[in-house]
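Every chain is numbered from 1 and lettered A, B, ... according to where its sequence line falls, protein lines coming before strand lines.
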Protein chains: 2
Amino acid sequence: MPEISLAERGDAVREATEYGERDSARAGDDIKSAVDIGAHLLKLRKSRGLTLQEVSALTGVSASAFSKIERNELSPTISTMQRIAQGLGVELVTLLTDQDNSVGAFGGRRSISRAGAGSRHTTGTCNNVLLCADLKNKRATPILTTVTARSPDEYPAWAKSEAEIFVMVQEGTLVVHSRLYEPLELNKGDSVYYDATTEHTWTSKGPTNAVVLWVLVDL
Amino acid sequence: MPEISLAERGDAVREATEYGERDSARAGDDIKSAVDIGAHLLKLRKSRGLTLQEVSALTGVSASAFSKIERNELSPTISTMQRIAQGLGVELVTLLTDQDNSVGAFGGRRSISRAGAGSRHTTGTCNNVLLCADLKNKRATPILTTVTARSPDEYPAWAKSEAEIFVMVQEGTLVVHSRLYEPLELNKGDSVYYDATTEHTWTSKGPTNAVVLWVLVDL
DNA sequence: TAGAAAAATGTCTTATACGACATTTTATGT
DNA sequence: ACATAAAATGTCGTATAAGACATTTTTCTA
């Protein structure tokens, strides 16, 4: 029955291509839904101007299998995905991660915080102003912080997170304490970029509180 | 020929299990070699105190299959990996990525840029100072820029990249031009966070050049 | 436009992933 | 130490992924 088979194929391709509608349609899934590997591979192959036979030679995966994977007619095993990644010289995860997804989730949006404005959050040791807090799903979180602590002991626990941190001092003198380094003094205009996975904390030095602009970049 | 098949599988299991030795042994491979999914899953399951039957109930993958996957006796299909990821409430990529890798690649490092110091890069429209440029593999790039352009027309092409941008004005008045929005004026202390995938560019307004601190966050 | 070449897809066979259930191994209590 | 239960692993039948080759579709070229 070639006609029915063709009709089915047409639908499958359309579904896979009209990517945006898929996610929104499936409301039940909590976890980020499947990326379409097929479309991803097709785009990658076309972008390099390769034919199925060429990609087959590169990866060791047969042209027919590759074709079916591109059209989502089968779910490849991890081992074949690894051969494909190897043959195309890309990381396996890039084949399984739809970069358009993350971009699309954010695409075109923006948020503005005027001087002095922002979502405030005060602790015993710091006054934090979350900038552009209304914008969700950001890759990084910009924060303006006034550090009131004068000693690391004032903190019940040092900070530690799966992130990277960039800090630039706007006013005063900041001291960055870390388990790995000696205390680091930063004055106005100085900046530091460091790994937040090792425990760290901040204090002010001198008569005024340090004001720092920092960006937390999630890993 | 079932004997040969079994023998091959036995070797594959041993190779896959002795994970640490694999990387160093196979010198020919350029691409990051496979993470061991089996060990990864085993660790994840044990860390939650789940039995194979429990994890089977959660994921819909049979206990025996799960056991074989953990011991690398078979290469699961993407669809079963998706079921596992869903059932355990984790992203698929985290199962395929060795998290020690990404964190470890950066772990504990840091870089300091003193006020006025940094790697300079000047164009006709901007003077850029890359901060903490000696630190590689950062997730974000902090830059201090003096914008000399007064009109968007001075740019041969508007900027566009797979990234997000956070900007805070340090001095002067910055105007952010975008294909999606009206020009946005930002004064000292104002900040904006926006998607860099749509074309955009910056100009200064007024007698002095705007000085902005911005962070480019790669996607 | 017709014919040839190349590329993509379909068909069928083989290899292998997956699930149901049996067996072995490990934990637990008396 | 033994009996019992629970967990993990092995066995085998079924479903499906992957490869070899045939067929259809598309792309070139004259």
Side-chain angles (χ1 to χ4, degrees), chain A residues 1-14 16-17 34 37-39 41-87 92 95-96, chain B residues 1-14 16-17 34 37-39 41-87 92 95-96:
Chain A
M1 48 173 106
E3 289 79 7
I4 292 173
S5 166
L6 278 167
E8 285 173 350
R9 272 184 44 222
D11 281 0
V13 169
R14 195 171 48 74
T17 308
I37 296 159
L41 279 177
L42 178 62
K43 208 172 68 178
L44 184 58
R45 180 170 66 86
K46 287 296 180 189
S47 75
R48 300 193 185 184
L50 296 171
T51 67
L52 286 170
Q53 2 287 325
E54 286 168 333
V55 89
S56 170
L58 284 170
T59 61
V61 175
S62 70
S64 63
F66 205 98
S67 171
K68 288 165 199 163
I69 293 167
E70 285 184 343
R71 286 170 296 139
N72 300 298
E73 289 200 359
L74 58 81
S75 173
T77 61
I78 297 291
S79 69
T80 66
M81 285 306 288
Q82 282 171 336
R83 280 191 289 164
I84 291 171
Q86 174 104 359
L92 174 58
L95 296 178
L96 301 169
Chain B
M1 44 174 101
E3 288 80 7
I4 292 173
S5 167
L6 278 168
E8 283 174 353
R9 277 187 39 218
D11 282 358
V13 169
R14 193 173 48 74
T17 307
I37 297 159
L41 279 177
L42 179 63
K43 208 172 67 180
L44 184 59
R45 180 170 66 87
K46 288 294 179 190
S47 75
R48 301 193 184 183
L50 296 171
T51 68
L52 286 170
Q53 2 287 326
E54 286 169 332
V55 87
S56 170
L58 284 170
T59 61
V61 175
S62 71
S64 62
F66 206 98
S67 172
K68 288 164 198 164
I69 293 168
E70 283 184 344
R71 287 170 295 140
N72 299 297
E73 288 201 0
L74 58 82
S75 174
T77 61
I78 297 291
S79 67
T80 67
M81 285 305 290
Q82 282 171 337
R83 278 191 289 165
I84 291 171
Q86 174 104 1
L92 174 59
L95 297 178
L96 303 169

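- Summarising the geometry, the separation between CZ on Phe66(B) and P on dC21(C) is reported as 21 Å, rounded to the nearest angstrom.
- Side-chain nitrogen and oxygen atoms of Arg83(A) include at least one within less than 4.0 Å of the OP1 or OP2 phosphate oxygen of dG19(D).
- Residue Leu52(A) contributes atom CG, which lies 15 Å from atom P of dA18(D) at whole-angstrom precision.
- The listed nucleotides are dA17(D), dT11(D), dA8(C); the one nearest the side chain of Thr77(B) is dA17(D).
- At least one donor-acceptor pair under 3.5 Å links the side chain of Ser56(B) to the backbone N or O of Val61(B).
- Contact annotation for Ser64(B): base contact, defined as any heavy-atom pair under 4.0 Å involving a base atom.
- Here dG19(D) is the nucleotide among dC18(C), dG19(D), dT9(D) with the atom lying nearest to any side-chain atom of Ala65(A).
- When each of Leu96(B), Leu42(B), Leu95(B) is tested with Ile37(B) by the rule side chain to side chain contact (heavy atoms under 4.5 Å, CB included), just one qualifies, namely Leu96(B).
- Between Ser67(A) and Arg71(A), the side chains place a donor N or O and an acceptor N or O closer than 3.5 Å (distance only, hydrogens not considered).
- When rounded to the nearest whole Å, the span between CZ of Arg71(A) and P of dA8(C) equals 11 Å.
- Side-chain atoms of Glu73(A) lie closest to dG10(C) of the nucleotides dT9(C), dT9(D), dG10(C).
- When rounded to the nearest whole Å, the span between CD1 of Ile78(A) and C1' of dA17(D) equals 13 Å.
- A donor and an acceptor atom sit less than 3.5 Å apart, one in the side chain of Lys68(B) and one in the base of dG19(C).
- Residue Gln53(A) places its side chain closer to dA7(C) than to any other of dA8(D), dA7(C), dA17(D).
- For the pair Met81(A) CE and dA17(C) C1', the computed distance is 17 Å after rounding to whole Å.
- The Ser75(A) side chain lies nearest to dA17(D) when the options are dG19(D), dC18(C), dA17(D).
- Ser75(A) places a side-chain N or O within donor-acceptor distance of the main-chain N or O of Ser79(B), the cut-off being under 3.5 Å.
- Proximity of a side-chain donor or acceptor of Thr77(A) to a complementary backbone N or O of Thr77(B) within less than 3.5 Å is not detected.
- For the OP1/OP2 pair of dT9(C) and a distance below 4.0 Å, the side-chain nitrogens and oxygens of Ser67(A) include at least one atom meeting the criterion.
- Between the NZ atom of Lys46(B) and the P atom of dT26(C) there is a distance of 12 Å, rounded to whole Å.
- When the side-chain nitrogen and oxygen atoms of Thr80(A) are compared with OP1 and OP2 of dA18(D), one or more of them lie within a distance under 4.0 Å.
- Rounded to an integer number of Å, the gap from Leu41(A) CG to dA18(D) P is 12 Å.
- Contact annotation: Arg45(B) does not reach the phosphate of dA7(D) (side-chain N/O to OP1 or OP2, under 4.0 Å).
- Remark: C1' of dA17(C) and CG of Asn72(B) are 14 Å apart, rounded to the nearest angstrom.
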